[in-house]
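This report refers to the structure that appears directly beneath it.
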Amino acid sequence: MAQQTHSGSDARPDTKILLGCIADDFTGATDLANTLVKAGMRTVQLLGVPRAGLSVPEADAVIVALKSRSNPAEEAVHMSLGALQWLQAAGARQFYFKYCSTFDSTDLGNIGPVADALLDALGARFTVFNPAFPTNRRTVYKGYLFVGDELLSESGMRHHPLTPMTDPSLVRVLQRQTPHKVELVPYASLAKGATAVREAFEGLRESGVRHAVLDSITDEHLFALGEACADLKLVTGGSGMAMGLPANFVRAGLMRTGRSAQLPRVAGPTAVLAGSCSVATQGQVAQMKRDHEAFELDPLAMAAGRDVAAEALAWAGSRLSERPILIYSTAAPEQVSEVQARIGREQAGELVERTMGRVAQGLVERGVRRMVVAGGETSGAVVGALGVEGLAIGPEIDPGVPWTFGIGAPTLALALKSGNFGGPDFFTRAFEVQP
Ligand code: ADP
């Protein structure tokens, strides 16, 4: 998807926003959006810094989703500052920098350099860092990040292809990414509540510390920390750390509770596109195939030069209705390995993603207005092919997966699901709970 890095002068939300967020990847942004909606904020997610003239629906929080996690630090800083500028112009009072709950980064960045650049641009001197997400078993104790029962450095993250995490100490990891002083606000402070944490921040600030890593083990800790961060211009963290922020706006009289976003009612032909081969998606495909029409996309046919997207669209043509059809490339591990051995892992991925994008485009041209898409990369490819520039976030379908509504015409209802998310009947149940 094309990333725009310059703010458009006349793209503005219809009202002033409270929380302006910058996320370093697409699915992470959706995770944050879902958290904010559950905490009562009307939330819009923009895919890249918006172009001039884009009309953005009324919202309490706007998240600019970048793809900056693994770029060179300079590029990530440039993109993040572009997002910040737009959010500042949109009136945001507080800013949030969202990264992964496993603190995905290297000694070159990008968490430290981006946070430093944002602080400088905001004229602020202090911020916090906290990737904890207890619901997903990411916790921080004495500055050490745990993934489930394992230290970060003993978890699968040590083998990550782009950002291998081999040091579990967030203070050390971050200190290597910034010339400024990093310290810990330990569990002992946060166990005493928000006031004690605020005092700890004050003490650190006075001793010249710019970056505080925060311990947290439970959601209650995150709520207390959120309260303690009410006056910080910039907060950084995973999606968990954002949980406690919306209540600050309510306490300050800036936001009413129980107000939900005006979401469009979308009806029309319906489809499910599954490009994930994860275990949960395999189960979902198997379940849906039992009593719905389904079409399998064959990567080897694509590699042989057949126009598989056109074949799928011809098949779909007479079958489109409110009852969802399924178009999938989902396959069992042996089948995927065989395809990869014959045409290469990357080429297989690219061919399937491109085909999914063309199928999505063709379906929308043929009137489809409601779609579930399974797979992180697949969702990126679909949204890119459809030219969707932003999403208004609706209610959660299953943990971590909300309904979203594309900004612009025609209005599309989209549920973009990371491969392993959702219960076995997700593909059909999603449409039953669509607002
Ligand atoms: P997940 O969220 O489960 O990781 P993704 O969509 O991010 O799902 O990634 C799945 C990748 O596998 C995509 O690049 C997709 O194009 C590719 N893929 C899908 N089906 C097949 C298949 N049958 N054979 C080989 N690769 C496939």
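Numbering of ligands and ligand atoms starts at 1, following listing order.
- Applying the ring-ring contact (aromatic ring centres under 6.0 Å, His included) test to pairs two or more places apart or on separate chains, those with a residue in residues 275-331 are Phe295-Trp315.
- Comment: Arg306 does not engage Asp298 in a salt bridge, judged by the lack of any side-chain N to carboxylate O separation of less than 4.0 angstrom.
- A side chain to side chain contact (heavy atoms under 4.5 Å, CB included) with Trp403 holds for exactly one of Ile393, Val266, Leu391, Ile397; it is Ile397.
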Subject >> side chain to side chain donor-acceptor pair (under 3.5 Å) between Asp104 and Thr102, worked out >> reply: CA-CA 5 Å; Asp104 298 15; Thr102 39; 2.5 Å; yes

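- Under the 3.5 Å distance criterion, the side-chain polar atoms of Arg137 are left unmatched by any main-chain donor or acceptor of Pro134.
- With hydrogens and angles disregarded, a donor-acceptor distance shorter than 3.5 Å links the side chain of Arg158 to the backbone of Glu154.
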For ligand 1, which of its N or O atoms have a protein N or O partner closer than 3.5 Å, and how long is each gap?
{"unit_1": "ligand 1", "atom_1": "2 (O)", "unit_2": "Gly376", "atom_2": "N", "d": "2.9"}
{"unit_1": "ligand 1", "atom_1": "2 (O)", "unit_2": "Gly419", "atom_2": "N", "d": "2.8"}
{"unit_1": "ligand 1", "atom_1": "3 (O)", "unit_2": "Ser276", "atom_2": "OG", "d": "2.7"}
{"unit_1": "ligand 1", "atom_1": "3 (O)", "unit_2": "Ser278", "atom_2": "OG", "d": "2.5"}
{"unit_1": "ligand 1", "atom_1": "6 (O)", "unit_2": "Glu377", "atom_2": "N", "d": "3.4"}
{"unit_1": "ligand 1", "atom_1": "6 (O)", "unit_2": "Thr378", "atom_2": "N", "d": "3.0"}
{"unit_1": "ligand 1", "atom_1": "6 (O)", "unit_2": "Thr378", "atom_2": "OG1", "d": "2.6"}
{"unit_1": "ligand 1", "atom_1": "7 (O)", "unit_2": "Gly376", "atom_2": "N", "d": "3.2"}
{"unit_1": "ligand 1", "atom_1": "7 (O)", "unit_2": "Glu377", "atom_2": "N", "d": "2.7"}
{"unit_1": "ligand 1", "atom_1": "14 (O)", "unit_2": "Glu353", "atom_2": "OE2", "d": "2.5"}
{"unit_1": "ligand 1", "atom_1": "16 (O)", "unit_2": "Gly349", "atom_2": "O", "d": "2.9"}
{"unit_1": "ligand 1", "atom_1": "20 (N)", "unit_2": "Ser329", "atom_2": "O", "d": "3.3"}
{"unit_1": "ligand 1", "atom_1": "20 (N)", "unit_2": "Ser329", "atom_2": "OG", "d": "2.9"}
{"unit_1": "ligand 1", "atom_1": "23 (N)", "unit_2": "Ser329", "atom_2": "O", "d": "2.9"}

